[in-house]
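Below is one structure, written out as structure tokens, with a few remarks after it.
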Amino acid sequence: MAGLIKREDIDAVRERADLREVVEQYVTLKGAGIGSWKGLCPFHDERSPSFHIRPGVGTFHCFGCGESGDVIAFLMGMDHTSFQETVEKLAGRLGIELRYEDGGKGPDKAEIGRRQRLLDAHKIADEFFQAALQSPEAQTAREMLTGRGFTREHAAQFSVGYAPKGWDNLLKHLRAKGFTDEELTETGMFSSGGRGIYDRFRGRLMWPIRNMTGNTVGFGGRHLYEDDKGPKYLNSPETAIYKKSQVLYGIEHAKRHVAKQRQLVVVEGYTDVMACHVAGVETAVATCGTAFGEGHIRIARRLISDEGGAGEVIFTFDGDAAGQQAALKAFKEDHMFLAKTFIAVGPEGMDPCDIRQHRGDDAVRELINSKTPLFEFAIRAKLREFDLNTIEGRVGALRATAPIVGAIKDPAMRPAYTRELAGWLGAEMDDVARAVAYAQKHQPSPHLEAEKAAANNQGQPNQRQGDQRSGSPSHGEPAGEQLRRSAPGYPRPDTRDPAVLMERQALEVILQHPTHLTAEQWEEIFTVRFTAPVHQAIHDGVRIAAASASDPRNWVQAVRDEVPEPIKSFVSELAVTSLPTNSDEHLEKYCQSILNRLVELKITHQKANLLGRLQRMDASHNPEEHQALNRELMELEHRRRALREAEWG
């Protein structure tokens, strides 16, 4: 079992990882001052850039939605991977060998090597199929795409390919790339016969199936020719890298849109996913030859972050009997969601691809917008099993549907559906309400059990690793608003107060340019008291972090680790705020000026305390102490003037 990664190795990953290089794989950046870059935030929609990074201290912050953190937090948010997965991925990319605590072990190196060979083989096969789609032999495949309303650009967008006819086209290609038959057998792309292995996919239109991080792990192929006696759709078998219950087709295209919109649209086929995305429904995915199940639900929860039920999952099924059965099966899994679940059935039983082909892009969007709550669909489907024209039928229908209504987790929705059910049955409201209450009391809601199980499965991360992401506020909420709402003990500092403004400026310098401080300045700063509670909390974090910080790129994260949860994002905000400088020389002068003013403020506070003591003291009773206080006042004033002279040269 894998143990916890050692802290020093996590720090080494942060130190070696180039934040700017990583971010630029997702965001176009432009300069925003010395050592700072900005771009459009990848975590929420915006037209003007509010996303800032400062690679020197390894920190990013969005002034629009409040997302913030280090390079690890950024990749966790973009790739939707866990902390440990992200660190291990970065370490592998950087050539860092990780160590684990308490005798734990990381991923087996031999297994990693085997998995990487499988991924490499799939990547090469993916490129092979895409290139083959442009060959003369693939004319039938291209015509099928065109006939379904897809252009060459659409095919390229989804990496659609073609598996040539013949028994060993892909086999020869991969052998030439250095893969052994033993390795190729494990990929699932080949079948075994009396003469050895041969291509599994032959004469088919091909779709690559990719995991959350965009790696190709399998394929789906549609038959094209009359002499192909195989199934209409042929998928890769399960392998070490491909588990049907853990993969959704199109997830690599949809994941960012799903996370932003908190919506997941589940369709039935590869062309349906393509049609939805082309039509503007970019949250669409499909299962790969299996029903939508628990593994897929975990993916949905991970992307939607459906705490509080604000997200939505929309299933699209054909209107035929099979489609209705699929919808009811999805309803059985509804208790696994905290998001609201819906169903969208196309007109005349058409799927999204048919709708787009015959009625256009707007009709696809209209299909999704016309969704029906899955609870309503399930209740109506159950009612159809009874003859509501008879007393016996209505009683049986009430007994069958009351548990469905009783299981609704939203306390505001449950009474509404109770009223609806009374109307559909033609029954008295009180009778239906009693039946629902009885069902709710005597049949434990699967939703509550699922929510408890989900909470238990998520568990509590260890303090070292779990807090890397915990400071990020909700998407779409300004960082300042989040600070006011979530941290009653830490109100947003009012920088109209000159002293508070100076405190903020000093913290900006300390967080952004810790190497500009001398040992003497650090000693002075450690003893300063800040007036704003949030500033003092960050200052306390600075003092603790300074005891163990070793590399500037870990500095801000070290401070974030030591401050209260609600103000972690504010630390990142201060760490990326642009300073009013335009050159290295000006930057040095600005930093020293701000730090001197901070020390001067400390001296001013000390002088005020001494003056208060002098005013309360009777000099005739204690002349020696009175003289000592005066001397101390003079020394403080001398230090204050020296700081002023140093600032103004």
Side-chain angles (χ1 to χ4, degrees), residues 264-268 291-294 297 309 311-352 355 366-451:
L264 184 74
V265 175
V266 183
V267 299
E268 292 196 292
F292 193 89
E294 186 175 338
I297 291 170
E312 60 181 28
V313 178
I314 304 170
F315 296 93
T316 67
F317 296 108
D318 293 340
D320 58 16
Q324 292 195 21
Q325 287 300 315
L328 291 174
K329 185 181 188 308
F331 171 72
K332 291 179 181 179
E333 304 288 356
D334 173 80
H335 63 274
M336 294 291 293
F337 290 105
L338 296 178
K340 294 179 175 66
T341 50
F342 301 86
I343 184 171
V345 179
E348 303 173 14
M350 291 193 294
D351 59 32
I355 293 173
E366 184 179 340
L367 166 68
I368 304 304
N369 292 332
S370 64
K371 60 187 182 290
T372 300
L374 201 51
F375 271 107
E376 178 180 334
F377 178 86
I379 294 169
R380 288 183 176 275
K382 185 62 69 174
L383 290 176
R384 285 194 292 270
E385 297 178 8
F386 298 88
D387 182 358
L388 301 184
N389 293 317
T390 67
I391 294 176
E392 292 81 4
R394 290 194 294 273
V395 171
L398 176 57
R399 288 173 177 168
T401 54
I404 299 177
V405 178
I408 295 176
K409 53 186 174 289
D410 188 334
M413 295 294 291
R414 196 181 307 119
Y417 271 102
T418 301
R419 288 190 294 271
E420 288 288 341
L421 179 58
W424 294 333
L425 288 170
E428 292 294 330
M429 175 65 183
D430 289 345
D431 293 340
V432 176
R434 280 194 295 271
V436 169
Y438 180 86
Q440 184 182 7
K441 181 179 179 180
H442 290 83
Q443 297 184 18
S445 168
H447 299 87
L448 297 178
E449 297 302 318
E451 290 171 20

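Nothing fancy with the numbering, it's 1 onward along the sequence.
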Would you compute the distance between atom [atom1] of [X] and atom [atom2] of [Y] and round it to the nearest 0.5 angstrom?
X: Glu376; Y: Trp424; atom1: CD; atom2: CH2; answer: 4.5 Å
X: Leu388; Y: Thr390; atom1: CG; atom2: OG1; answer: 7.5 Å
X: Ile404; Y: Leu421; atom1: CD1; atom2: CG; answer: 9.0 Å
X: Gln440; Y: Arg414; atom1: CD; atom2: CZ; answer: 4.0 Å
X: Arg394; Y: Arg399; atom1: CZ; atom2: CZ; answer: 13.5 Å
X: Phe315; Y: Leu264; atom1: CZ; atom2: CG; answer: 8.0 Å

Compare every heavy atom of [Y] with every heavy atom of [X], then report the nearest pair and how far apart it is.
X: Met429; Y: Ala422; value: CA-CB, 4.1 Å
X: Pro373; Y: Tyr417; value: CB-OH, 3.0 Å
X: Leu383; Y: Ala397; value: CD2-CB, 3.7 Å
X: Leu398; Y: Asp431; value: CD2-O, 4.4 Å
X: Ile314; Y: Ala344; value: CG2-CB, 4.1 Å
X: Gly346; Y: Ile355; value: CA-CD1, 4.0 Å

Out of Val436, Ile379, Val432, which residue meets the side chain to side chain contact (heavy atoms under 4.5 Å, CB included) rule with Thr401?
Ile379

Do Val313 and Val266 come close enough that some side-chain heavy atom pair is under 4.5 Å?
yes

